[in-house]
Undergrad: 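Before anything else, here's the structure in question.
Any value given below was found using the heavy atoms of this structure, including those in side chains, with hydrogens, waters and symmetry copies removed.
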Amino acid sequence: MLDNDQHDEGQQQAGCCELCHRQMIVTKHHLIPRTRHKNKRNKRLFDRDDVKHRVAWLCRPCHNHVHKMLSNKQLELEYNTLDLLAAHPDIAKFAQWISSKATGLKV
């Protein structure tokens, strides 16, 4: 797992995808989407520092799949931790499927 205290200038780096566990280039996924940071409910529910630093490092296929399956509002309210995200049935199924694929696979 990579250091979650890195700021936005490190949007991608070599590492391990926190969903499929493949070693490759990973991208920063904000578990509480940045588009939701200024939402009034968000400000009541989450600590400001937590909002900025609650991230997961995902490979591009997993990251794309997460955003294909869930809206930003769903990510903010229902899937705002790595454990919750990994427990989503469609995301878990995809992560398991892609975990055995070559890192260059385009999906």
Side-chain angles (χ1 to χ4, degrees):
M1 188 158 113
L2 299 172
D3 181 10
N4 285 346
D5 288 331
Q6 295 177 3
H7 297 288
D8 287 342
E9 64 268 5
Q11 290 294 313
Q12 68 179 33
Q13 57 195 25
C16 179
C17 176
E18 294 185 86
L19 287 176
C20 70
H21 307 290
R22 296 182 302 157
Q23 288 290 329
M24 58 191 311
I25 299 296
V26 291
T27 59
K28 184 188 280 189
H29 168 72
H30 289 84
L31 291 164
I32 301 169
R34 290 186 303 178
T35 60
R36 306 292 297 171
H37 287 187
K38 293 182 181 179
N39 179 283
K40 289 180 183 179
R41 183 184 313 145
N42 180 296
K43 289 181 179 184
R44 285 193 315 269
L45 294 175
F46 304 106
D47 177 78
R48 292 295 88 208
D49 192 52
D50 192 33
V51 167
K52 288 183 177 182
H53 298 293
R54 194 185 295 195
V55 299
W57 290 93
L58 308 179
C59 67
R60 180 45 57 196
C62 285
H63 202 157
N64 289 346
H65 189 72
V66 164
H67 286 288
K68 186 170 93 175
M69 298 305 303
L70 300 166
S71 71
N72 282 347
K73 189 171 185 177
Q74 287 175 300
L75 288 168
E76 173 193 21
L77 298 176
E78 301 171 43
Y79 299 98
N80 55 43
T81 68
L82 183 59
D83 289 340
L84 290 170
L85 192 60
H88 185 283
D90 291 327
I91 292 170
K93 182 177 177 180
F94 180 84
Q96 179 161 355
W97 172 79
I98 203 161
S99 68
S100 63
K101 306 299 184 240
T103 58
L105 178 70
K106 302 285 185 196
V107 289

Undergrad: When rounded to the nearest 0.5 angstrom, what distance separates CG in Asn72 from CG in Leu77?
TA: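 The CG atom of Leu77 is 10.5 Å from CG of Asn72, to the nearest 0.5 Å.
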
Undergrad: Measure the CG-CG distance between Leu31 and Leu75 for me, rounded to the nearest 0.5 Å.
TA: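 Leu31 atom CG to Leu75 atom CG measures 8.0 Å (nearest 0.5 Å).
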
Undergrad: Say you draw a straight line from CH2 of Trp57 to CD of Gln13; how long is it, rounded to the nearest 0.5 Å?
TA: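 Atom-to-atom, Trp57:CH2 and Gln13:CD are 4.0 Å apart.
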
Undergrad: Do Pro61 and Phe94 make a side-chain contact, defined as non-hydrogen atoms from C-beta onward lying under 4.5 Å apart?
TA: yes

Undergrad: Is there a donor-acceptor pair closer than 3.5 Å between any side-chain N or O of Arg54 and the backbone N or O of Asn80?
TA: yes

Undergrad: Does any non-hydrogen side-chain atom of Lys28 lie less than 4.5 Å from one of His30?
TA: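 Side chain of His30 against side chain of Lys28, heavy atoms only: contact under 4.5 Å found.
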
Undergrad: Show the nearest heavy-atom pair for residues Val55 and Glu18, with the distance to one decimal.
TA: O-OE2, 4.5 Å

Undergrad: Step by step, work out the side chain to side chain contact (heavy atoms under 4.5 Å, CB included) result for Leu19 and Val66.
TA: CA-CA 10 Å; Leu19 287 176; Val66 164; 3.9 Å; yes

Undergrad: Restricting to non-hydrogen atoms, name the atom on Ala56 and the atom on Leu82 that form the minimum distance, rounded to 0.1 Å.
TA: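 Here Ala56 and Leu82 meet closest at CB-CD1, 4.0 Å.
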
Undergrad: Just by distance, do the side chain of Gln96 and the backbone of Lys93 share a donor-acceptor pair under 3.5 Å?
TA: no

Undergrad: Please check this pair: side chain of His88 against backbone of Asp90, looking for a donor-acceptor N/O pair closer than 3.5 Å.
TA: yes

Undergrad: Distance from Met24 atom CE to Cys62 atom SG, nearest 0.5 Å?
TA: 8.5 Å

Undergrad: Test Leu70 against Leu85 for side chain to side chain contact (heavy atoms under 4.5 Å, CB included), laying out the working first.
TA: CA-CA 10 Å; Leu70 300 166; Leu85 192 60; 3.9 Å; yes

Undergrad: Would you say the side-chain atoms of Arg22 pair up with the backbone N or O of Ala102, donor to acceptor, closer than 3.5 Å?
TA: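 Yes; at least one donor-acceptor contact below 3.5 Å.
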
Undergrad: Return the minimal non-hydrogen interatomic distance between Cys17 and Cys59, and the atom names on each side.
TA: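 Of all heavy-atom pairs spanning Cys17 and Cys59, the closest is SG-N, 3.3 Å.
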
Undergrad: With rounding to the nearest 0.5 Å, note down the distance linking OH in Tyr79 to CG in Leu84.
TA: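 Here the interatomic distance stands at 8.0 Å.
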
Undergrad: Could you go step by step and tell me if Gln11 and Thr27 meet the side chain to side chain contact (heavy atoms under 4.5 Å, CB included) rule?
TA: CA-CA 6 Å; Gln11 290 294 313; Thr27 59; over 6 Å; no

Undergrad: Could you tell me the separation between the NE2 atom of His29 and the CG atom of Leu58, rounded to the nearest 0.5 Å?
TA: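 Output value for this atom pair is 6.0 Å.
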
